[in-house]
S.K.: 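Pasting in a structure now, in C-alpha cells, and then I'll have a few things to ask.
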Amino acid sequence: MTDLQDYPPQVQDEIARTREEVCELHAELTRWNLVVWTAGNVSQRLHSADLMVIKPSGVRYDRLTPDDMVVCDLDGVLVDGDHSPSSDTAAHAYVYRHMPEIYGVVHTHSTYATAWAARGEEIPCVLTMMGDEFGGPVPVGPFAIIGDDSIGRGIVETLRDSRSPAVLMQNHGPFTIGKTAEAAVKAAAMVEEVAHTVYVARQLGDPLPIAQDLIDRLHDRYTTVYGQH
Ligand SMILES: O=C(CO)[C@@H](O)[C@@H](O)COP(=O)(O)O
C-alpha cells in the first residue's frame with residue numbers, strides 16, 4: 001500500500017483541503033433530507049494526484065469529521081484512513097477513471113428520485129428547471145449489484161453521452177456527477193426536487209413536455225449565463 005508520506009507536500013495539502021470539503025458536503029446531504037441514517041456518500045477527486053477522498057462506510061453523518069474521510073487511489077485501493085472506505089468506492093473510482101472531466105460523485109437514496117428509480121422510469125423534462133440543470137430528462141441506468149464495477153459502468157454508460165449530471169440507477173437510487181463534489185451535491189438536491197415536483201404534477205394530470213429547442217436554449221443559458229461570472 002502506498003503511504004500518504006510518499007506523496008509530495010502539495011498533494012498532502014490538497015488531501016487535507018479535500019477532506020474538509022468532502023466532510024462539509026456530507027452535511028449538505030442531511031441538510032436537504034437526501035439521505036437516511038448512513039445511506040449515501042460523497043467523493044472528490046484530486047487534481048494533483050490520481051487519488052480520491054470519500055466517506056467512510058457506515059459512519060453516522062453526525063459523527064463524520066474531516067479526519068474520518070478516506071483517501072483511495074482511482075482503483076479504489078485504500079491509501080490513507082482509519083476506516084474502511086464507502087461500499088460505493090468502486091463505483092466512484094470507475095467514474096473517475098472513465099470520465100476524466102469529472103471530479104465529484106454523489107450517491108443518495110432520496111425518496112422521490114429513488115421512487116422513480118424503483119419504477120425504472122426516467123423523469124421527463126417538463127420543468128424549465130430540468131432544462132436548466134439536466135438539459136433534458138433524468139435518465140435511468142441499469143440494475144446493478146454492488147460489489148464490483150457494475151454500478152460504475154452503468155453510471156458511465158448512461159451519462160457519457162448525456163447532458164444530465166444525474167442518473168437513476170434502477171431499483172437503487174440516484175448517482176450524480178460534477179466538475180466538483182459541490183456541483184454533484186447540487187445535482188443530487190436538484191434531482192430530488194424535480195422528482196418530487198413531477199410526481200406532484202402527475203397527481204394533477206399529464207405534465208406538458210417542453211420542446212427540444214426550448215430545452216436546448218434553457219440549458220445553454222443556464223450553463224453559460226446564469227449566476228456570477
Ligand atoms: O446504496 C448503498 C450501496 O450502494 C448504501 O450502502 C450506501 O448508500 C451507503 O454505503 P456507505 O456507508 O457509503 O458504505
Side-chain angles (χ1 to χ4, degrees), residues 18-19 21-45 51-98 102-120 138-159 165-178 181-182 184-185 187-189 191-192 195:
T18 305
R19 276 175 152 150
E21 290 169 25
V22 170
C23 186
E24 285 173 18
L25 288 169
H26 278 90
E28 294 297 309
L29 300 191
T30 53
R31 177 183 175 199
W32 296 100
N33 296 315
L34 302 177
V35 293
V36 62
W37 201 242
T38 63
N41 35 69
V42 179
S43 75
Q44 182 154 287
R45 175 180 181 170
L51 297 172
M52 58 187 279
V53 173
I54 193 165
K55 166 182 172 253
S57 184
V59 177
R60 281 175 40 181
Y61 279 82
D62 57 346
R63 295 176 180 171
L64 289 175
T65 69
D67 287 342
D68 292 321
M69 299 300 115
V70 180
V71 182
C72 295
D73 66 20
L74 298 191
D75 291 315
V77 175
L78 180 65
V79 171
D80 186 67
D82 299 328
H83 303 289
S84 300
S86 167
S87 50
D88 285 312
T89 297
H92 290 235
Y94 188 96
V95 171
Y96 292 135
R97 293 198 307 272
H98 292 84
I102 298 301
Y103 280 80
V105 179
V106 171
H107 170 46
T108 79
H109 292 180
S110 62
T111 302
Y112 287 89
T114 303
W116 286 86
R119 297 198 66 255
V138 177
V140 173
F143 181 89
I145 287 280
I146 191 169
D148 55 23
D149 283 341
S150 301
I151 294 176
R153 188 177 303 112
I155 296 167
V156 171
E157 287 171 356
T158 307
L159 294 184
V167 55
L168 308 174
M169 293 301 284
Q170 183 183 311
N171 298 111
H172 188 170
F175 282 80
T176 61
I177 60 175
E182 182 179 51
V185 169
V191 71
E192 176 63 7

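Read the numbers this way: they start at 1 and go in the same order the structure lists the ligands and their atoms.
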S.K.: Is it the case that atom CG in D82 sees more than 12 heavy atoms from other parts of the structure closer than 6.0 Å?
M.R.: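 No, CG of D82 has 12 or fewer neighbouring heavy atoms, counting only those of other groups under 6.0 Å.
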S.K.: Could you point out which residue of D148, I155, D149 forms a side chain to side chain contact (heavy atoms under 4.5 Å, CB included) with I151?
M.R.: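 The option that passes is I155.
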S.K.: Looking only at heavy atoms, which two atoms of W116 and L168 are closest? And how far apart?
M.R.: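 Closest pair (atom of W116, atom of L168, distance): CB-CD1, 3.8 Å.
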S.K.: Using the six-membered ring wherever Trp is involved, compare the ring planes of H107 and H109 and label them parallel, tilted or perpendicular (cut-offs 30° and 60°).
M.R.: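 H107 and H109: perpendicular rings.
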S.K.: Return the minimal non-hydrogen interatomic distance between V42 and H92, and the atom names on each side.
M.R.: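 Here V42 and H92 meet closest at C-CE1, 4.2 Å.
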S.K.: Just wondering, more than 12 heavy atoms not from E182 lying within 6.0 Å of its CD?
M.R.: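 Check fails, neighbour count at 12 or below.
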S.K.: Tell me the residues surrounding ligand 1, counting only those with a heavy atom closer than 4.0 angstrom, sorted by chain and number.
M.R.: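 These residues qualify: T38, A39, G40, N41, K55, S57, G58, S86, S87, D88, H107, H109, I146, H172.
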